[in-house]
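Structure, as C-alpha cells:
Just so you know, residue 1 is the first one in the sequence shown, and it goes up from there. Scope of the values below: all heavy atoms of this structure, side chains included, with no hydrogens, waters or symmetry mates.
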Amino acid sequence: MSASLSLWPRLTIITLSGFLLTACTETEYISHLWKRGEQSYSDDQYTYTNSSNVAASSGNRPNQEGLYKVGKPYQAMGKWYTPTESYSYDETGIASWYGPGFHGKRTANGEPYDSMALTAAHPTLQLPCVARVTNLDNGRSIVVRVNDRGPFKRGRVMDVSKRAAELLGMIGAGTAKVRVQVLDQESRIVAEAARKGLPPHVQMAMAFKRQEAGVQVASADTHYNNSLRLTQDNPGREVSNVSQVDLQQVRKYPVHKTNIYVQVGSFSDAGNAQKLASRLGSLGTTSVSSANVNGRNFNRVRIGPVASVEEADRLLSRTVSAGHPGARIIVE
C-alpha cells in the first residue's frame, strides 16, 4: 500500500489506444496496484484481495487490526522477498515516503493507514515491529511502528508515513539517506501485545511505558477498548494515545559525511570478491572492502561512490540488467 511522493505515487497513466506506459511509469503503476491489493497475494495467515478487505483464514478473526505476522516468501514487481523475524536489523539505505491517496487503506497486517501516525513499511521485517529511523543528512531521528509491506522500488529500504517524513525533514526531497534500526525490547513487547489482539496505540504505550516517568501500564491480559487506562498521580486517567508523548520527539544526532554505493556482493573469500570487482569495471569505480559481522570476515564488492540518489538509481538499474539481481543501494 505504501509509496513515496517522488518515486512511485506519482502515477502517470497515459491513454493512447489503451494504457501506454513508459518503462519507469509501468513499474510505478504495477507497484501501486500491488500495494492496493489488486494483485492478490496470500501467505500463511491471510489472503489480500483489495485495499479495504482483509479476509481471515485458519480460524483468525476477520479485520482484526494490528495482528502480528511474518508471512511466507512473496513476489512483487518481479522480485522475491522472504519475510523474516529480526530483532537486530540495522541497515542503511534510501528511504521514501507514502504518497497521497493511501490514507484509510489497509496495511499489510490489517490496520487502516494513517498518514499522520508515525508508521512505516518494510519488505521483510515482522509486522508490527518498532524501529528508529535516522536521516543521515540532517541527523534527525524518530521512532516508527512498522506495520506494512513495501517499498518495492529497487534501492529503497523503507517507506515512512507523511508525518514521519515531516519530522525527518525529507518531505521536499522525497527521499533521504537513512539508518534503520529495529529496537529489540520494544519490538518484542509490541509483538506480544499484537499476538494478544491489543490495538496499535496500546501496543506502543506498553513498549514505551518505561519512558513515561511515573506511569504504569496495565498488563496485556487486561481488556481494552479504544483507550488505555493508566495509573499515575490520577488513577483511572484514560489516555487515547500515550505513545505520541514520546514518539513525536525528534532526536538530533551529529551529522557525518556519508557516501552512496551500489553493493553487488559479499564474499568470505577475498579472491572471489576481487574477481567480481574486476568484471564490474565497465559500470563504474569498483572497490572491495572488508567487514566483520558477528565474528565472520566478509569482503564487500561495491561500485561508487555516486553523487546522488538519482545517480544511484541509474547505476543500480544498470547493475541489475548486467546480471546481478541481488545488488542494492547502501549508505556509508
Are more than 12 heavy atoms from other residues, nucleotides or ligands located less than 6.0 Å from atom NZ of K79?
->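 Check passes, neighbour count above 12.
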
- With the threshold set at 4.0 Å, does a side-chain nitrogen-carboxylate oxygen contact exist between R156 and D313? yes

Legend entry - Ionic contact status for R314 with E311, cut-off 4.0 Å: no

- Short question: side chain of R154, backbone of P325 - any donor-acceptor pair under 3.5 Å?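 Judged by distance alone, yes, a pair lies under 3.5 Å.
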
**Asked** Quick check: does any side chain N or O of H324 sit under 3.5 Å from a backbone N or O of T319, one acting as donor and the other as acceptor?
**Response** no

_I'd like to know if the side chain of Q126 pairs up with that of Y89 as donor and acceptor (distance under 3.5 Å, no hydrogens or angles considered)._
no

### Query
Do S268 and R296 get their side chains close enough for a donor-acceptor pair, meaning under 3.5 Å?
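Side-chain D/A pair, S268 to R296: absent.
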
- prompt: Should the pair Y113 and Y98 be assigned to parallel (<30°), tilted (30 to 60°) or perpendicular (>60°) ring geometry?
  reply: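 Answer is parallel, since the angle falls under 30°.
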
Considering all heavy atoms, the nearest S161-A117 contact:
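That would be OG-O, 2.5 Å.
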
| said: Ignoring hydrogens, what is the shortest heavy-atom contact between A327 and L316? Give both atom names and the distance. | reply: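 Closest heavy-atom pair between A327 and L316: O-CD1, 3.5 Å.
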
Given the options I330, V178, V331, I94 meets side-chain contact (heavy atoms from CB on, under 4.5 Å) only with V331

| task | May I ask whether L168 and V144 are part of the same hydrophobic cluster, defined by side-chain heavy atoms of I, L, V, M, F, W, Y residues being less than 4.5 angstrom apart, directly or through others? | result | yes

- Task: Examine V309 and I303 and state if one hydrophobic cluster contains both, with Ile, Leu, Val, Met, Phe, Trp and Tyr joined whenever side-chain heavy atoms are less than 4.5 Å apart.
- Result: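 Yes: a chain of side-chain contacts under 4.5 Å links V309 to I303.
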
**Q.** Trace of the side-chain hydrogen bond (donor to acceptor under 3.5 Å, both in side chains) decision for E85 with Y68
**A.** CA-CA 11 Å; E85 186 177 56; Y68 181 84; 2.3 Å; yes

